[in-house]
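Below is one structure, written out as structure tokens, with a few remarks after it.
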Amino acid sequence: MMNKTKRWLRGLPWLAGAGFVFLILPIQLSADASDFAKANIFTAILLLAAWLAFSIGLALTSLPRLVPRIFFFGPIVALMIFLAAFKFERVDGELNPIFRLRWGGEQQLAADATPSAGNGESVDGAKLPPQFFEARPTDFPQFLGPNRNAMLNSAALDPNWNSTPPKIAWKKSIGDGWSGFAIQGDIAVTMEQRELEEWISAYSVLDGGLIWRYVIDSKHSNIMGGIGPRSTPTIVDNQVIACSAVSEVVCMDLQSGEKIWSCDLLELAGTTQAEFEKEVLWGRSGSALAVADKVFVPLGGAGANVQTLLALDRKSGKEVWRGGTDQISYSSPLLATLAGVPQIVLTSQMQVAAYDLESGQQLWSVPWPSSSSNDASVSQPVVLDDSQVLISKGYGGGCRLLEIVRDGEAWKVNEPIWISKSSLRTKFTSCVVKDGFAYGLSDGILECVRLSDGKKQWKNGRYRQGQVLLVDDYLLVTSERGELVLLSANPRDFEEIGKVQVIGDVTWNTAALSGNRFLMRNSDEAACVLLPLK
């Protein structure tokens, strides 16, 4: 009897280890219906548990002691050797770790610390012809384009990529950060981290040469979110307005990069970087919005001293008003007209709300809870018409269609027209809308949803945590792996037309399109792709 009990106890670790390994299969198979990041976390935990269980099982056998020791210590030694050669850099959108060799990477970035215009030197903006900076109807002057909704009708794309494939005009190294490009004329402005400096950088769209840079002495870094600025500059009236990931909002001349004014958001919020980033782990990510004579910027704060939205005078940078008391999120303010009234709509930490342009008074709000130090809200609300707003979110949040009504001076948010927890779980991206259908990367898989009732039409194409741009009848998707994909905005069926590899992995940044020049970047590379037009 004792021998049977011992045999059973010796077999228990093997059964447990096999059970842990078996559980991995259903978790991975169901990841597309839940969350790939959570599935990867559970998989890593189960693999660790299986390794420990098998190590115990081997130790209880009559095999030579060397065997269980090699099984237990071998992976530890291998991991130590790996970490001696590679350093952890960041995680991707599904929480897979990204490593880089401990030597070589810094030298490459240092060698490119002063990007060139093809001749090894920076360009003097004053020497460029005026038409280089002139505004055009095809400009992409701010975050997500002219209307801040990632929807364009300014380019007639030729979908026949087999006979006329896209061409990469230029590609170059760039500093860390998740900023996108804003384009006016032939100049494109973005933000990047260079060692201890945040750069607001202006590049030539034609060849990638550096026109000017404005330097801010600050750095935001987070082990999960990575290094560098997050917001995209705004170009308006030949000026550039940009927000640091840490504190500074600065307005510059588009041609020279010279400062016109700046203000310190940490000072205005009465806090420090350390205090603020305890509550907003990912740093400041909101892109400045310019409307008439004002600039709108998410403010935030720490402790009880939190205010949501700040309005600045566009000429002087002086404060005009503050509105709301909710902590900021990863989202950016946008201009919307609801019930005939222009207003600023912003997704903050616990709600989606609208603010009066002149006073900052909160007009309406709807609960939309998140945590700016965990499952932050990233996606932009999509205004469908005079009363309907589509909101979406990753981390299991899903989407819902809101109805906003006004009765005299009173505003009301009715019960959602529909709610779907399983659709349009947009994690780092936003939805686009065409002809009554919404398209978005739902936990990294492209999905189409009918707006009248929230019914899913199809879900296909795992592009991970990339970005989507709607151009007329086509979707331009930049995948997290750095691919550019052309798809038809077809609610009947998933239709991938073409695909080209452009840059490397962890491409989270929003893209920009001006004419036929498509600009995309990540925290390592930037590129310009020439798209075929009809």
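One N or O on the side chain of Glu192 and one on the backbone of Gly175 form a donor-acceptor pair closer than 3.5 Å. Judged by distance alone, with hydrogens and angles left aside, the side-chain atoms of Gln349 form a donor-acceptor pair with the main-chain N or O of Ser372 at under 3.5 Å. Between the Ser348 side chain and the Thr308 main chain, no donor and acceptor come within less than 3.5 Å of each other. Remark: the backbone N or O of Val405 is not paired with any side-chain donor or acceptor of Ser387 at under 3.5 angstrom. When atom types are taken as modelled, the side chain of Arg102 and the backbone of Phe86 share a donor-acceptor pair closer than 3.5 angstrom.
No salt bridge links Asp92 with Arg481; every basic N to acidic carboxylate O contact stays at or beyond 4.0 Å. Between Lys294 and Glu358 there is a salt bridge, since a side-chain N of the basic residue sits under 4.0 Å from a carboxylate O of the acidic one. Salt bridge present: Asp375 and Lys393 bring a charged side-chain N and a carboxylate O closer than 4.0 Å.
Using cut-offs of 30° and 60° on the angle between ring planes, the pair Trp508 and Trp178 is tilted.
Remark: Ile227 CD1 to Lys219 NZ distance equals 4.5 Å, nearest 0.5 Å. To the nearest 0.5 Å, atom CG of residue Leu519 and atom OH of residue Tyr203 are 11.0 Å apart. Between the NE2 atom in His220 and the OG atom in Ser247 there is a gap of 13.5 Å [rounded to 0.5 Å]. To the nearest 0.5 Å, the span separating CD1 on Ile404 from CG on Leu363 amounts to 10.5 Å.
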